[in-house]
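The shown structure was predicted, so the numbers you read here are calculated from the model rather than taken from an experiment. Proteins come first, then strands; the chains are lettered A, B, ... in the order of their sequence lines, and each starts at number 1.
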Number of protein chains: 2
Amino acid sequence: MKVIHYNPSSLEEAVKIIRDALTSKKLMVIYGCCTIIYEGRGASRLTQGDRLVIVKRDGSVLVHRPFGYSPVNWQPETTDISLSVENGELVMKALRLTPREILEIRFTKIYTITHAILDDRGEFIEYLSEEEIRDYLSKNPSTIEEGLITIDVEKRVEPGFIDLYCRDRNGNVVIIEIKRTTASKDAVLQLKRYIDAVKKYMPRERIRGIIVAPSISKSALELTEKLKLEYKRIDISQIYKVLRSRQRGKSLLHYIGKAKS
Amino acid sequence: MKVIHYNPSSLEEAVKIIRDALTSKKLMVIYGCCTIIYEGRGASRLTQGDRLVIVKRDGSVLVHRPFGYSPVNWQPETTDISLSVENGELVMKALRLTPREILEIRFTKIYTITHAILDDRGEFIEYLSEEEIRDYLSKNPSTIEEGLITIDVEKRVEPGFIDLYCRDRNGNVVIIEIKRTTASKDAVLQLKRYIDAVKKYMPRERIRGIIVAPSISKSALELTEKLKLEYKRIDISQIYKVLRSRQRGKSLLHYIGKAKS
DNA sequence: GCCTAGGTCCCGTCT
DNA sequence: AGACGGGGCCTAGGC
């Protein structure tokens, strides 16, 4: 990777450098003093100050202030970035079509521009996404309850997708909603919706519903009881350990996340 | 703003530069080749590649790949960033305490480091947040329906907060749920929960529920009808114009967002 | 294109 | 500290 670094002496020069970087699809970082206008789903103004502006090769634009995780303004993947100099300001406009939104960055001063082509073909591997936990539990339903049998995974019903559609040792239908983190009231209501939908098709069957999560909020647990649903705690780090031991070679650090039950 | 730019010739030199920038609370941008390990609420690995790493003065860390809005790995506001050189790699560890999470960036090569103190005291002004729309509608309930009177705003009931608690021209209680963008099924269910909660206290009254939004999804509209609720479209750009005309001096661009009804 | 659901969501706010 | 809801959420997947 070769990083090229400029201290443009004028905004006109900066325009040339930025235009070059855009056409050659480089990643670009600008330190500059700017004001920002955004209009689209919402609308905002940011008065003058020093910021870091990042333009990526797919046209995504990020404006960062000196603190905080989130960009103060942004545009995800724009096809259309225009540049001009107006009234002594370098104006960069990033237009997005759906939804129709415009981000306008007006630089009064550009301190430095760096750009480079990043050679990034790295593989991103995620462990213990909800999907992975669902896969594990669908193959090991006894983790949830002895005698449970998985009938369907991600079963489509009217309101959405049922994580696990099972039957218990007594032959009852059991609908399972999995959460990777603390289950909230929303999760319980989601489960209730699925049960109501399934009940329509089997009005005479007893249908159980279980929230499966490492922890649950107090009000969510109350709601669970009120709606005659169940909550089953699972140990994520336990699943993690089992999966790790099966994937020898992929050595992982000790799992440090701990959720309360 | 003074941006300082380095091309460190060794990882040891890079450590010194980064440590300096950290202690003087600067914003720092690193172009480097690295692998990344994250463990916390989830866990991930990213194999080797060129990336942009940003460290802000509050200790937030962002790792960006050459495309996309989202950082591939991150840490929002860490108190503890440690640096070392191990086996020919510069290791930066950012630790967060609640939730307990660790981000480990292992650089095999650092191309450039820039850092600066950004003087950013700009004011960020947002227009038409849900709160602003709610304020407007509470003062102008006839926008929703002729004869409507606002009784309470953000009224606390068991499941949460009712946006607007009103009475119509016939004296019926009207519960209003406002959405700034397309209303989803969740919004409709939220409204239903509020109505059910209020019905407990006034079992004999007729209680109407209205979803107020610039647009609504097809299935949400069906659910609205099924639950005998109502949907009222509002024109955000109209409210925008009225508010703009009242705030003379704050000239705004023409509102470009258009949501379907 | 719309809609649904997840996310290391982040973030503010309130208890 | 947990809990709850909003966000220009973003992003992936289905239809």
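Both A:R156 and A:A220 lie near DNA chain D, and the one whose nearest nucleotide falls closer to the 5' end is A:A220. Between A:S217 and B:S70, the residue whose closest nucleotide on DNA chain D is further toward the 5' end is A:S217.
At whole-Å resolution of the value, NE2 in B:H64 and P in D:dC10 are 14 Å apart. Atom CG of A:L191 is separated from atom P of C:dG6 by 12 Å (rounded to the nearest Å). When rounded to the nearest whole Å, the span between CD of B:E77 and C1' of C:dG12 equals 13 Å. Remark: C1' of C:dT8 and CD1 of B:I37 are 15 Å apart, rounded to the nearest angstrom. In this structure, NZ of A:K56 is placed 14 Å from P of D:dC10, rounded to the nearest angstrom. The CG-P distance, from B:L223 to C:dC3, rounds to 14 Å in whole Å. Rounded to an integer number of Å, the gap from OH of A:Y69 to C1' of C:dC11 is 11 Å. Distance A:I236 CD1 to C:dG7 C1': 14 Å, rounded to the nearest Å.
Taking the C1' atom of each, C:dG6 and D:dG7 are spaced 15 Å apart, rounded to whole Å. Comparing C:dA5 with D:dG8, their P atoms sit 22 Å apart, to the nearest whole Å.
Using a 30° and 60° split on the angle between ring planes, A:Y240 and A:Y127 fall in the perpendicular class, above 60°.
Backbone-only contact: B:S219 has heavy atoms under 4.0 Å from sugar-phosphate atoms and none from a base.
Residues B:D235 and B:S237 have side chains that bring a donor and an acceptor to within less than 3.5 angstrom of each other. Side-chain contact check for B:E132 and B:Y136: no donor-acceptor pair (N or O, by modelled atom type) lies under 3.5 Å.
Heavy-atom neighbours of A:R156 CZ from other residues, nucleotides or ligands within 6.0 Å: above the threshold of 12. Atom CD of B:E225 has more than 12 heavy atoms from other residues, nucleotides or ligands within 6.0 Å. A:E131 CD: 12 or fewer foreign heavy atoms inside a 6.0 Å radius.
Shown here are the salt bridge (charged side-chain N to carboxylate O under 4.0 Å, His left out) partners of A:D186, two or more places apart in sequence or in another chain: B:R193.
Nearest heavy-atom pair across A:Y38 and A:R45 is O-NH1, 3.6 Å.
Side-chain contact check for B:K56 versus A:P66: every heavy-atom pair is 4.5 Å or farther apart.
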Filtered N/O pairs between nucleotides 5-8 of chain D and protein, under 3.5 Å:
unit_1: D:dG5; atom_1: OP1; unit_2: B:P159; atom_2: O; d: 3.4
unit_1: D:dG6; atom_1: OP1; unit_2: B:K179; atom_2: NZ; d: 3.3
unit_1: D:dG7; atom_1: OP1; unit_2: B:E130; atom_2: N; d: 3.3
unit_1: D:dG8; atom_1: OP2; unit_2: B:E126; atom_2: OE2; d: 3.0
unit_1: D:dG8; atom_1: O4'; unit_2: A:Y38; atom_2: OH; d: 3.2
unit_1: D:dG8; atom_1: O3'; unit_2: A:R41; atom_2: NE; d: 3.3
unit_1: D:dG8; atom_1: O3'; unit_2: A:R41; atom_2: NH1; d: 3.4
unit_1: D:dG8; atom_1: N9; unit_2: A:Y38; atom_2: OH; d: 3.3
unit_1: D:dG8; atom_1: O6; unit_2: A:N73; atom_2: ND2; d: 3.1
unit_1: D:dG8; atom_1: O6; unit_2: A:W74; atom_2: N; d: 2.8
unit_1: D:dG8; atom_1: O6; unit_2: A:W74; atom_2: O; d: 3.1
unit_1: D:dG8; atom_1: N1; unit_2: A:W74; atom_2: O; d: 2.3
unit_1: D:dG8; atom_1: N2; unit_2: A:W74; atom_2: O; d: 3.3
unit_1: D:dG8; atom_1: N2; unit_2: A:Q75; atom_2: OE1; d: 2.6
unit_1: D:dG8; atom_1: N2; unit_2: A:E101; atom_2: OE1; d: 3.2
unit_1: D:dG8; atom_1: N3; unit_2: A:R41; atom_2: NH2; d: 3.3

Pairing annotation in dot-bracket form, given for DNA chain D with Watson-Crick or G-U pairs under 3.5 Å and | for cross-strand partners: |||||||.|||||||
